[in-house]
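Worksheet for the structure shown next.
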There are 2 protein chains.
Amino acid sequence: MKATIKDVAREAKVSISTVSYAINGKDRISEKTRQHVLKVAKKLNYVANGNAKLLKQKNTRAIGIFFNSWFGPIYSEIARGIEKAVHQAGYDLVACSLYGEENSTAYKYLRDRMVDGAIILTNSFDDEFLTSMASKELPLVVLDREIQSPHIYSILIDNFGGAFTATKAIVKSGVREVYFLGGPEDSYDNQKRLDGYIAALGFCGVPVNHDFILECDFTEEGAYRKMSALFDQGTIPDAIFSANDEMALGIYRAARERNLRIPKDIKVVGFDNIRESAVTTPPLTTISHQQFEMGISAAETLFHALKGNDDIEYIRIQPTKLIERESL
Amino acid sequence: MKATIKDVAREAKVSISTVSYAINGKDRISEKTRQHVLKVAKKLNYVANGNAKLLKQKNTRAIGIFFNSWFGPIYSEIARGIEKAVHQAGYDLVACSLYGEENSTAYKYLRDRMVDGAIILTNSFDDEFLTSMASKELPLVVLDREIQSPHIYSILIDNFGGAFTATKAIVKSGVREVYFLGGPEDSYDNQKRLDGYIAALGFCGVPVNHDFILECDFTEEGAYRKMSALFDQGTIPDAIFSANDEMALGIYRAARERNLRIPKDIKVVGFDNIRESAVTTPPLTTISHQQFEMGISAAETLFHALKGNDDIEYIRIQPTKLIERESL
DNA sequence: CTGAAAGCGCTTACAG
DNA sequence: CTGAAAGCGCTTACAG
């Protein structure tokens, strides 16, 4: 059985208070006593019970990172940034998924306040639940999503700006027939990216043609089908701005099957800079959001809130960058 | 401030025991009382303090998954499998990284026994530490690593079998000059994969040529450099078995720069089936280990151990499969 | 410098 | 069916 503070006290012939002081490095006891206690503790293989400690101390010194399901390639850089900042602050980071919904670990850990703060990478928690949970003692940071509520902070990708940059780059490369391959209409990201696309066309003096705006579903397979159909009816766009890289992969596959060359026959620009985009033939020109920095920013916002700062911006927008490769 | 059981008891005008019974659904109290208590609890927004609960109950009902750093694409499927099995068992799954080493969350959570069991996806914990932590109450499952110790179970990829299959497939395709591009010599995976390669050549009656065995470092960049040098000195292997997919990506890049065609000039087979391998040109033929099943297997092993079964195999080997694409 | 004691928020025999 | 009380393993005023 596991040794408790009592066992150590008995064995060391001191009181449990003394053991506690020794273990926690308080300077109230003599160095001699401390050393003695530490030796006994080591011998007994003693480690303090985390739950008892937390029960007294009230705070958990842990930050939760909650997401839908295990990280795809996109999330891992965000998580790395968060991890770095959280560690630096001396907190622990525990990741929980929402697999199982209301019975998921993420749900439970948030509801039971097993963490002092949380960073949320999913939209499976509904706004209402998050609003009801957030408090001064449990601030929340949501990524890529806007919730207007005290103690909830949003970090947003600059979807609009990224799409604007991508579309402008396409037009500058000399084409005027620029298609937009989008995600689901009700997707927040998609809406913003579409706005950026339209704004950039306007900016460049290219009229918007609504036939060029294709609705799809953000998946490789969906894009493959959509583009295959388009190609097979004889339409070969000069250029396509794909609202995410996954779909750009689908465009590539459909084009390759029909011997259409990228970028010669069709120029393609993506969004997200997923790992695959660097190794396609040709490598995909895309918009990168700075995941790592976004993670750092999320964690820092949280710690500011935890410190009680109340002049924190409720919304931060993370800049994007055009990654020029060979598909444009 | 957060409501406690006392607040609920006072407000509901019952004892705290009654509140506890009501909340936990024990059938010792009248339905009427229960409903009353539940209503008050809801009104007060009461949720039980997890730490206090755990302190009494002794076990955490949580499983830890510990890894080096945030999941690359390989790990996420394993995590998915683990998550599914853990959820099914009614446990929580918390993921912690080893970022920060001795001060990392993973280290702390294991040492402080914040979990009832753990699945370990890293070799940053040394064998000795794991051996000292493992017990009947805290069994451990290590992936892709062998530790001989009670209460520690290993789930291994069939590195040998996979390499054997890959190499045999290459020889069967009609070439006899098969190179091996390996990882670091002291890598466990690499050693087993090299053994499989050698065994397959022997099995097919092809003599082993030690000049064909190249040592590299499992990275894209390393492989790119190694192969560039090889090509530039005029050596163009008929075929290469790359001990992982990352390195196969480097081979592709070096070959592409020199207009060497795959598989016409060089056949390439990889190992791991990472996401990128499906979208290269041509798509990479590779060995897949069944990540998801491996995760399920890991979690199930853990729960068997937790239930006190003592006839569990200490080592399980996860089969591999040849994924035939177009690089062979 | 050290110890006896209260208390964190729960659960669970035990008594009635 | 309900309540008073012990106790889980700690921390931390308080007293000496």
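Keep in mind that the numbers below use all heavy atoms, side chains included, and drop hydrogens, waters and symmetry copies. Just so it is clear, the structure is predicted and the values come from calculations on it, not from any experiment. Quick note on labels: first sequence line is chain A, next is B, and so on, each numbered from 1.
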### Message
Using a strict threshold of under 4.0 Å (side-chain N to carboxylate O), is an ion pair present between A:Asp127 and A:Arg145?
### Response
yes
### Task
Answer with base, sugar-phosphate or nothing: what part of the nucleic acid does B:Leu54 contact at a heavy-atom distance below 4.0 Å?
nothing
### Task
Specify the separation, in whole Å, of atom CZ of A:Arg113 and atom P of C:dG9.
13 Å
### Query
In a check of side-chain contact (heavy atoms from CB on, under 4.5 Å) between A:Val115 and each of A:Leu138, A:Ile63, A:Asp92, which one passes?
A:Leu138
### Message
Quick check on A:Gln148: does its CD atom have over 12 non-hydrogen neighbours (other residues, nucleotides or ligands) under 6.0 Å away?
### Response
no
### Task
State whether B:Ser30 places a side-chain N or O below 4.0 Å from either non-bridging phosphate oxygen (OP1 or OP2) of D:dT2.
yes
### Query
Nearest-Å distance, OH (A:Tyr21) to P (C:dG3)?
11 Å
#### Entry: Shortest side-chain distance from B:Ser17, nucleotide among C:dT12, C:dG3, D:dC1
C:dT12
### Task
Measure the distance from CD1 on B:Ile5 to P on C:dC8 and round it to the nearest whole Å.
13 Å
### Query
Relative to the ring of B:Phe129, is the ring of B:Tyr107 parallel (under 30°), tilted (30 to 60°) or perpendicular (over 60°)?
parallel
### Message
From CD1 of A:Ile16 over to P of C:dT2, roughly how many Å is that when rounded to an integer?
### Response
16 Å
### Query
In whole angstroms, how far is the C1' atom of C:dT11 from the CG atom of B:Asn51?
15 Å
### Base-pairing assignment for D:dA13 (Watson-Crick or G-U wobble, both under 3.5 Å)
none
### Query
What integer distance in Å separates B:Tyr46:OH from C:dG9:P?
10 Å
### Message
Looking at D:dA4, which nucleotide sits across from it as a Watson-Crick or G-U wobble partner, both distances under 3.5 angstrom, or is there none?
### Response
none
#### Entry: Sugar-phosphate only, base, or nothing, as touched by B:Ser20 at under 4.0 Å among non-hydrogen atoms
base
### Task
Write down the distance between CE (B:Met114) and C1' (D:dG9), rounded to a whole number of angstrom.
13 Å
### Query
Is B:Lys56 side chain donor-acceptor paired with the D:dG7 base, going by distance under 3.5 Å alone?
yes
### Query
Expressed in angstrom and rounded to an integer, what is the separation of B:Leu55 atom CG from D:dG7 atom C1'?
9 Å
### Message
Can you see whether A:Tyr91 has A:Arg61 sitting over its ring - NZ or CZ less than 6.0 Å from the centre and within 45° of the normal?
### Response
yes
### Summary
When B:Ser15 and B:Ala52 are each assigned the nearest nucleotide of DNA chain D, the 5'-most assignment goes to B:Ser15
